[in-house]
Amino acid sequence: MTPFTEKAKALIKRIPRGRVATYGQIAFLAGFDGGARQVAWLLHSSSAKDRLPWHRVIGGRGRISLPRGCGFETQLRRLRAEGVNVPPSGRIDLGRYLWEPRFSTASNP
DNA sequence: AATGTGACGGACC
DNA sequence: TGGTCCGCCACAT
């Protein structure tokens with residue numbers, strides 16, 4: 001477990017219901033700009049017991065990155081269940097659903 | 001040590 | 001809007 005991994009997981013857990021974050025965004029917030037692929041790797045290799053809201057993490061173009069038949073449907077269902085509008089094109093409106101983390105002294109030690 | 005592989009992302013056309 | 005190409009970086013072989 002690297003510090004980056006810990007931070008990234010903590011961040012992902014903070015994504016509110018009905019909002020989404022991108023791999024690159026998580027990497028950036030975790031202090032590793034450009035580490036989008038590592039975020040993807042950690043999600044892919046993390047176990048279910050981590051309880052991460054992985055379905056709220058999408059690609060920087062607002063699209064679900066999972067291949068059809070390999071989790072895509074599950075992620076789509078869960079996002080829609082939270083009120084996220086996913087149009088037929090698959091492009092989620094980031095301007096509307098992208099998570100904007102609030103840094104407060106209370107939640108940001 | 002060298003090489004292949006992604007749940008990525010930016011640049012281009 | 002959508003499709004390629006390419007740089008990226010930790011991991012697995």
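Because the structure is predicted, anything quoted here is derived from the model rather than measured. Numbers restart at 1 for each chain; the letters A, B, ... are given by sequence-line order, proteins then strands.
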Problem set entry | Selection residues 4-50 of chain A - residue pairs positive for ring pair (Phe, Tyr, Trp, His ring centres under 6.0 Å), sequence neighbours left out | F4(A)-F32(A)

Problem set entry | side chain to side chain donor-acceptor pair (under 3.5 Å) pairs, two or more places apart, involving residues 64-75 of chain A | none

Exercise. When you check every protein heavy atom under 4.0 Å of nucleotides 6-13 of chain B, what one-letter string (B, S, -) results, 5' to 3'?
Worked result: BBBBBB--

Seminar exercise, completed: Across all chains, not counting sequence neighbours, the side-chain hydrogen bond (donor to acceptor under 3.5 Å, both in side chains) partners of S46(A) are none

Exercise. Atom CZ of F4(A) to atom C1' of dC9(C): distance rounded to whole Å?
Worked result: 10 Å

Exercise. Please, which pairs that meet salt bridge (Lys or Arg N to Asp or Glu O under 4.0 Å) have at least one residue in residues 41-63 of chain A, sequence neighbours excluded?
Worked result: K9(A)-D50(A), R56(A)-E82(A)

Exercise. With sequence neighbours excluded, what pairs up with P67(A) under the side-chain contact (heavy atoms from CB on, under 4.5 Å) test?
Worked result: C70(A)

